[in-house]
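Taking it in order: structure first as structure tokens, then the write-up.
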Amino acid sequence: MVRHIFLTGFVIVGVLLQHAVALEPGRDFFEKKIRPILVGRCYKCHSRAAADPKGGLLLDSRAGMRQGGDSGPAVVPRDVPGSKIIAALRHETVQMPPDAKLPPHITQDFVTWIEMGAPDPRDQADDSKTENEQTWEQIYQSRRDWWSLRLVTRPGLPRGKQQWSQHPVDRFIHESLRQQQLQPCPQADRATLIRRLAFALTGLPPTAEEYRGFVDDQSDHAWKTLVDYYLQSPHYGERFARHWMDVVRYTDSHGYEWDIPAKGAWRYRDYLIRAFNQDVAFDQLVREQIAGDLLKHPRFNEELQINESVIGPMFYQMGEKRHGDSSQFEGVHQEMLDNKIDALSKAFQATTVACARCHDHKLDAISQKEYYALAGVMMSSRWTTNTLDLPSRNMDLIEQLQKLKPQVRAATARAWLADIDQVSAAALTKLVPEDNLPHEDLNFVWQQLTRVPTEEIASRWEELRDLLLADSAERTAKNRSACSILVDFNEELPAGWTVDGVGTRQKVQTGDFQIDQVGGKVIQTFYLGGIATGAISTKLNGAVRSPLFQNMPAPFFSVRMAGGQYAAWRTPIDNAFLCNTEKRLTNSQYQWELFPTRTDRFRERRVFLEFVTKESNPNFPSIYSRLIPLEDEEDPRSWFAINQIVAHQTEEAPREEITRYAELFDAPPPANIQQALERYRRWIKAAMTRWENSQSTEQDVLLLNQLLLTPWITNNKDDVRLKSLVEQYRQLEAKVQASQAVNGMVDADEGLDYRVNIRGDVHTLGEQVPRGYLRVLSKGTGPFKDSGSGRLELADHIASSSNPLTARVFVNRIWHWLFGRGIVATPSDFGHLGEQPSHPELLDWLTSEFIRSGWSTRKLVRLIVTSQTWQQSGQVKQKGFEKDPENQMLHHFPTQRLDAESIRDAILAVSGRLDRSLYGPTSDPHRNNEDMTKRLFSGPLDGNGRRSIYTKVTILEQCKFMSLFNQPQPKIPSGRRDVTTTPAQSLALLNHRFVVGQAEHWGQQLVHQEDSTIPSRLKDMLFLAYSRSMQPQELDRWTEVVGKLSELHGESNRILYNHDVWTDVAHTIFNTKEFIYIR
Amino acid sequence: MFDLYPFRSRRQFLQETSTGFGMLVLAGMVQSAAAKQRSTAASPHFAATAKNIIFCFMDGGPSHVDTFDPKPELKKREGQAIGSAAVSRLSQSTADRVWLGSPWKFKQRGASGLWVSDLLPHLAGCADDLCVVRSMVGKQPLHGQQALLLHTGRQTGQAPSFGSWVSYGLGTENSDLPSYVLLNNDWIPNGGYENFGSAYLPASHAATLLRAKGQMVDNIVPGDKVSVQRLKLQLLREQDRAFGKTTSNEDAIEATVKNYETAFRMQLAVPEVADIRGEPKHIREMYGIETEHEFKRYYAVQCLRARRLIERGVRFIEITCPLTHRNNSPWDQHSNLVKYHNENALITDQPVAALIRDLKQRGLLEETIVIWAGEMGRTPHTPEIIPTVGRDHHVNGYSIFVAGGGFQGGMTFGETDEFGNAATENPLTIHDIHATILHQMGLDHERLTFRFGGRDVSLTDVHGRIVRELISA
């Protein structure tokens, strides 16, 4: 009832229907208020179109309603008690609609309508098909008139007598209290206030210095000074990032069966912390999270040398994901997209769009088509990993390494030319295998020659010459006729091909090479011209991506490539997030890999190919890599090289060409094995010499790569001739910072307009819907114009001052985070199923102020916490309890239990164990059992003292301690945390090894301190824990307990130095409610 | 090493708690034990047949055609392509796969003549108590979805588990023990802990995890001597009550004070119920505890604990399977069907059969429902017949059984086709099973609802029928 009084200033203005004929008032009422409900909520079971009309009742015509069903007339004009429908709507007799009771105002509409005489123009039964079409428009019109969809206004400040405070927030609050004849509470005492503020703004208890600074500050500005102090604390960013992480369902893994890591999640977390600490305008933050990869002017962080904006779309990649793709399990993709749409609409718009996946929204102004308009947007972008590094990062080192490489080349060539002259026939022969080598093998000819007696060497040589030259000609001819070059990575890339990454920024020339950076070799591989990520450092990442297979000109293509250290190629099907079509590159020798483009599996699906280093692989480690050790997962090294792609009509990859043999055989036949060796030397040295002079051909590279595997040369980093250069290179290379990438999205293809899934069934496709946003939030601008996904347009619609929800929803979240309850108590649902605002005008005023301030979160927080409303004490008066037990009017500051992270952080802070450093990779929570297959590793019990925000959030098994205290389950957005009270929490605080361990840690610190007395130590301890001084009798009681504890521990003399005693005191403090509650 | 008995005796505990706070708590326990036992129980909708549920989750999906659904036709046509007519979305299937006969022999068992294969010799001995459904149909042949569907009635989870609903509907009969206990064997099923969570129901209805090895229940072992803990709790109570008066929500503070008292009692009650030392030798042997097979020992101990928990009024118990080898889940034999189905059977068959027998001999089976179910069955076909042949995911007709609690023993319900490839008669969904079991517990699945997100939600959503054919008249 309270709420209704405050809604009087907030009369809902109906939008007139755009009907040509002016309707009489009663009929107008029917069309606007009654018919939409009947159509939307009743026809399904009570119309001629229903398979089996329930209870014999038909509500699709006037006659049907008047006549009623088995239990009597549904409607009797001007007789409310006699109209059965009212009792049913009220759930007094039968409960209709059965799934959810309609809100009271709708039932009231029916009462009003019956009192009006139940005007009803339906002479004939509604034809439900066409009627549905017509009536969605009517339903839409009636639903768009909803408080949260109205533009934000700037109400004037209440003018009533304001003795309490002139602060704008207080004026609104006081006005509503006054109307209820309630009084606000007086300001809380300073000790209470600083503790409240420190937790609210940083999630940590105040330090002793902070406390003294505030309590000693007698100026009028003491509070404002303190507020600014905490707003500038780096922990402020951690606090609000963690709040936002609930909203975006932050997770470090994707749950489902294998809990696959969410690549780059922690970078997104750091991005949020930085953004809040830098007070990045919230509309910018929204734009980045929706389309940060598409912004014309991305936000660069010069200090870290990264593109911040491109991190934003990691937002989409949070939450649970299934592995596999839609060709394996139809619907995988759609199911995952539903999670994205749900998160997007709840996080930014407090709107439950996902409810419209199967049917028009039951209560809000969202049709099913609009869901699929948005699904098209999400389907049009690729889910990829994007690089953050700006070109300036590592630039100096890269240049130095580039300069060093010619020296390595010269020295290596010299050394190896000498090696080639020295190798003996016996050494070579020893390594020739029994099985026949293939023609393309460097040692093929050698192997054949060693198998014949000396007298036959010359003739065998001639046979081999004829054989190989013929084979060579055939291979070349075959390749020429069957294959056409699709992409030559030496050249400019054709349309549709894209690259990303630091390692791909410079192309390699044929003959360039990778210096082995960690293994025992000098050279890891020689490159063919094209894209190769390891040329400078294997810590530099890269991705190369093809156009969609449907746009490929031939049914097959083949790629010549090499790679290692978990680099892979992948062919995501229909944008599967965690596709299983991936293969690792494990060969330093170039090979042709064949890709079909027209298989059954790919038919009518969007498939592309990407080559990725580990860092650029969005699905690493995948379910196939789950048994790799954690060190391998964390090691950034990985590389691939691609040279050429050819297209062909048959399922036959090109064969390696062997024209290099012409040079070998360009000499008279050898008479013996020694002469054969000379022929070989001449041949190999020619290739080596061309390499020395940077004149390598493709054939040379293929030959040199084979050479690396033979005893012809000493490919050993400890080779004295090369050692110092190799070390020099390695030392420099060690300084290269690994590339940073994060999962996100990229627009590379034509947009896709998806089709309605009838009843949400992916197999039953309805009409195609152009990409677009919700009509009610896009000012009727219609479908998106962009030929790509339209995501940037989506971002513009959402991150707009004229979007009625974006700023309002965020302002309400801030209020919720500061008071424990929003002005709208359902922060992620501003629709018909959500709560209505307790102070609508205040919400609007704050929202307009927020927009006016440039969407500054920090200013908004400052505005709220400097109000007297926020500084009230919790000493609620009896009258307040009686009139407003839920404190909706805010007549006192509500006592709140700390959230899970703050409880853990407070324990660390007070025990002295807290590591206050910011940022960086997550650490695993402590676990009872590790499970490598699901990558559930166990971390240290105390998380190395780091704040809770740096503990990994793994869906399959979250940090148990924090789960107990309601850290939310991260599959879907969480706008409001549960606060439960269970015995399991008590057991955890009593017996959990983390809590006990921290008590021991604190105790350990204490017994080494030179304290004078037991009471003074107790005073210090409790002050640290509660940020207040102790009452004398309180101190007496604790002192008495210390005495008893020391008796129980058999200590009577050196109590101050007894670790057990002080551990027990610390442990008891952690278990007090005052420790985990703020008031 | 596996330590079954890490706890000191009850007597020792009582001696240590004879004064002060502990005494108060214990006095409370004794004096109002009877009253309290009922106080937290909600009321059933109508007279109940059963009081408790034990759910033996056969995680990963045991093969129906190798356990309860004999298909001689498979052997006859082994190696023949199944053809496109046998392909279905509810099965990992393609037309070129081939039929695979069962490596195990089937026999009719007991007076009822129920068909059970040699894979489960001990359960075969309980045939007359088993009510086998052979026509279970799922939604998708995927572990995560099916496990969540089986546990929460929703493929996507985010909903309370079956055990939470039962706990919510009926409350607990023993306020010193949780009403829903998960006897875990150190393996988290697909879908994660959400399978056992309370979602939007109050947190007290989430499963409490009791492990086979290591620390039985999180944080249950007191870090302190009882005398020290008692002293701390005394101080805490004073300090907290005083603090409560300075807050705007004294009730919330008082609730946490009460929780400390419950926690204190749980430290005694949980280890006591988990401690099977007092069980006679013949009982321990019946369950198969005295075995060299580590995993079987864990599983058998958990089954025996399940009976002890039932005796003390715990409503809902789930026992999970251990994973003995690298695999997605214990019964998920895409390869090595014979080897690992045999091993899983070795681990679970005797203990589950013993549990049924033991309950029966104590007169508890009539009021206890024992469910044996995986989240899926396995394909009657395979890509090719090789020595390490396996079976893949299949939800188009598979078998589960229910025993006790008024379910008719020695019967089968529903049929699959001659290959076990599709349910042909009386197909049932997991919602039907949930509805029927709730019915036996005195709960109407349509009325057991909770207001969430503006709707009255239930375990079975808009689905489920009470399958009266399964229930004794």
Side-chain angles (χ1 to χ4, degrees), chain A residues 99-100 255-257 259 322 329-331 335 627 829 833 874-876 887 892-895 897 928-929 931 933-934 936 955-958 960 966 969 971-972 978 980-988 990-993 996 1034 1037-1038 1041 1044-1045 1048-1049 1064 1067-1068 1071-1074 1077 1079, chain B residues 89 140-144 156-158 186-188 190-194 197 202-204 208 211 214-215 217-225 227-229 231-232 234-236 238-240 242-244 246-249 252-253 255-257 259-260 262-263 266-267 326 328 453-456 462:
Chain A
D99 51 349
Y256 187 52
E257 290 182 354
D259 223 17
R322 276 164 54 184
F329 307 110
E330 190 67 79
E335 190 181 308
L627 295 178
D829 191 356
L833 275 176
Q875 300 289 358
V876 56
N887 194 28
H892 67 270
F893 187 86
T895 298
R897 199 202 69 208
N928 283 73
N929 300 293
D931 183 347
T933 61
K934 305 201 164 178
L936 298 172
I955 293 187
L956 272 194
E957 186 188 58
Q958 278 176 258
K960 288 211 172 124
N966 311 104
Q969 211 271 353
K971 286 187 177 184
I972 54 169
D978 291 337
T980 57
T981 304
T982 63
Q985 293 168 346
S986 314
L987 283 170
L990 280 174
N991 300 330
H992 196 290
R993 282 163 55 213
V996 175
E1034 201 179 8
R1037 180 70 180 109
W1038 282 83
V1041 170
K1044 286 188 181 163
L1045 280 170
L1048 289 169
H1049 288 301
D1064 280 336
H1067 182 241
T1068 310
N1071 274 277
T1072 55
K1073 303 308 147 297
E1074 189 168 357
Y1077 277 82
R1079 7 169 223 170
Chain B
R89 265 186 219 144
Q140 274 184 300
L142 294 167
H143 294 293
T156 48
Q158 292 152 30
D186 296 306
W187 161 250
I188 306 167
N190 291 306
Y193 282 114
E194 201 177 358
S204 56
T208 296
R211 293 185 194 86
Q215 193 173 114
V217 171
D218 284 333
N219 311 314
I220 202 71
V221 181
D224 293 317
K225 287 191 294 189
S227 54
V228 172
Q229 192 176 72
L231 186 61
K232 287 180 180 176
Q234 243 168 350
L235 176 62
L236 280 176
E238 294 162 26
Q239 189 77 18
D240 292 343
F243 172 71
T246 70
T247 71
S248 69
N249 197 349
I253 308 296
T256 65
V257 171
N259 278 335
Y260 270 79
T262 308
M266 283 173 72
Q267 292 176 144
R326 283 218 163 118
N328 171 279
R455 296 183 53 203
D456 289 327
V462 297

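All values reported here derive from a predicted model rather than from experimental measurement. Lettering follows sequence order; numbering is per chain, from 1.
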May I ask you to name which of A:His1049, A:Glu330, A:His892 has the most heavy-atom pairs under 4.5 Å with chain B?
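Among the listed options, the one with the most contacts to chain B is A:His892.
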Where does [X] contact chain B at under 4.5 Å (heavy atoms): side chain, backbone, both or neither?
| X | value |
| --- | --- |
| A:Glu957 | both |
| A:Arg322 | side chain |
| A:Asn929 | side chain |
| A:Glu1074 | both |

For the student: nearest non-hydrogen atoms of [X] and [Y], plus distance:
| X | Y | result |
| --- | --- | --- |
| B:Gly191 | A:Lys971 | O-NZ, 4.3 Å |
| B:Thr256 | A:Thr981 | CG2-CG2, 3.2 Å |
| B:Val228 | A:Asp1064 | CG1-OD2, 3.5 Å |
| A:Pro983 | B:Ala263 | O-CB, 3.9 Å |
| B:Ala203 | A:Thr980 | CB-CG2, 3.6 Å |
| A:Lys1073 | B:Tyr260 | NZ-CE1, 3.4 Å |

Measuring from [X]:[atom1] to [Y]:[atom2], what's the distance to the nearest 0.5 Å?
| X | Y | atom1 | atom2 | value |
| --- | --- | --- | --- | --- |
| B:Phe243 | A:Arg1079 | CZ | CZ | 5.5 Å |
| A:Glu257 | B:Asn190 | CD | CG | 4.0 Å |
| B:Asn328 | A:Lys934 | CG | NZ | 5.5 Å |
| B:Asp224 | A:His1067 | CG | NE2 | 6.0 Å |
| A:Asn991 | B:Gln215 | CG | CD | 8.0 Å |
| B:Tyr193 | A:Ile955 | OH | CD1 | 15.0 Å |

Pairwise side-chain contact, B:Ile188 with A:Asp931, heavy-atom cut-off 4.5 Å (strictly under)
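Answer no - side chains too far apart.
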Could you verify whether a donor N or O on one side chain and an acceptor N or O on the other, from A:Thr895 and B:Ser248, lie under 3.5 Å apart?
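Looking only at side-chain atoms, B:Ser248 and A:Thr895 do form a donor-acceptor pair, the distance falling under 3.5 Å.
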A:Tyr1077 and B:Asn249: side chain donor to acceptor below 3.5 Å
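No pair is found: no donor N or O on one side chain lies under 3.5 Å from an acceptor on the other.
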Which bit of B:Thr246 is near chain A, if near means a heavy-atom gap under 4.5 Å: side chain, backbone, both or neither?
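When you check distances to chain A, atoms from both the backbone and side chain of B:Thr246 fall under 4.5 Å.
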Are B:Glu238 and A:Arg1037 ion-paired here, with the side-chain N under 4.0 Å from a carboxylate O?
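Salt bridge: yes.
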Give the member of B:Thr247, B:Thr262, B:Asp218, B:Leu235 that has the highest number of heavy-atom pairs under 4.5 Å with chain A.
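Highest number of pairs under 4.5 Å: B:Leu235.
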